[in-house]
Amino acid sequence: MIIAQISDTHIQAQGPSARSRLLDLARSVASINALRPRPAAVLHTGDIAHDATPSDYAAARAALSRLACPIYATVGNRDRRASFRDAFASEGYLERDSCFVQFAVNVGAARIVAVDTLDAESNLGGFCTEREANLRRLLDACPGQPTLVFLHHAPVAVPDVPGSLLQFRDPKRAAALVRCLTQCSGVIGVLAGHV
């Protein structure tokens, strides 16, 4: 099974780079649609919108709607949860009773789990105890099922990144996220964006 990943599209409906960003996303969608075999799903690992306006998300959704396979998305540091939810609620995969953008879907024999690492106070990642409890529930729901996790901020040091190698505001919370992932026997991979 093939899973495609896109990230950090930073779509703007207005602004000097609006047109080029939409053209880049359109080329990415066309490239994914041309793959044979076609991916079972596309995962967008955050920063869909640059300014998180409703018009940014509408433009992104219009471009992403041309994908010939399902797309699942989570939030990045440029996104805003309320605007994101308004834009993607109709897709049906977001959990309605959660204030975070964390969810699980089955794609073929695999389980896909999204982790919300948005920290509203910085560009770095965050992972509070409420998200941890929610993630453990999602990971424990189907023990042993091959699980692919996707998020925006990698919870480990990333070599060759200017500035801080760890893109999390609180290293202890990043370590808690890593523990969640390593304690689930079904996790077969983690996809991140941001860098």
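Since the model is a prediction, treat every value here as computed from it, not as a measurement.
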Show me the side-chain donor-acceptor pairs of residues 64-75 shorter than 3.5 Å, one per line, residues at least two apart or across chains.
| residue | atom | partner | partner atom | Å |
| --- | --- | --- | --- | --- |
| Ser65 | OG | Ala62 | O | 2.7 |
| Thr74 | OG1 | Val101 | O | 3.3 |

Could you pull out all donor-acceptor pairs under 3.5 Å where a side-chain atom in residues 184-192 meets a protein atom, sequence neighbours excluded?
none

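Listed by first and then second residue, the salt bridge (Lys or Arg N to Asp or Glu O under 4.0 Å) pairs that reach into residues 169-188 are Asp119-Arg169, Glu121-Arg169, Glu132-Arg173, sequence neighbours excluded. Residue pairs meeting the salt bridge (Lys or Arg N to Asp or Glu O under 4.0 Å) criterion with at least one member in residues 94-108, sequence neighbours excluded, are Glu95-Arg137.
Under the 4.0 Å criterion applied to side-chain N and carboxylate O atoms, Arg27 and Asp24 are assigned as salt-bridge partners.
For Asp47, the salt bridge (charged side-chain N to carboxylate O under 4.0 Å, His left out) test picks out no residue, with sequence neighbours left out. In this structure, the salt bridge (charged side-chain N to carboxylate O under 4.0 Å, His left out) partners of Asp116, at least two apart in sequence or on a different chain, are Arg81, Arg131.
Counting heavy atoms from C-beta on, the side chains of Arg78 and His152 never come closer than 4.5 Å. No side-chain heavy atom of Met1 sits less than 4.5 Å from a side-chain heavy atom of Pro146. When side chains are defined from C-beta on, Pro54 does not count as touching Asp86, because their heavy atoms never get closer than 4.5 Å. Annotation: side chain of Ser17 is not in contact with side chain of His10 (no heavy-atom distance under 4.5 Å). A heavy-atom distance below 4.5 Å is found between the side chains of Leu151 and Leu177.
Ring pair Phe103/Phe150 is perpendicular by interplanar angle, where above 60° counts as perpendicular and below 30° as parallel.
Side-chain contact annotation: His194 with Asn77, donor-acceptor N/O pair under 3.5 Å present.
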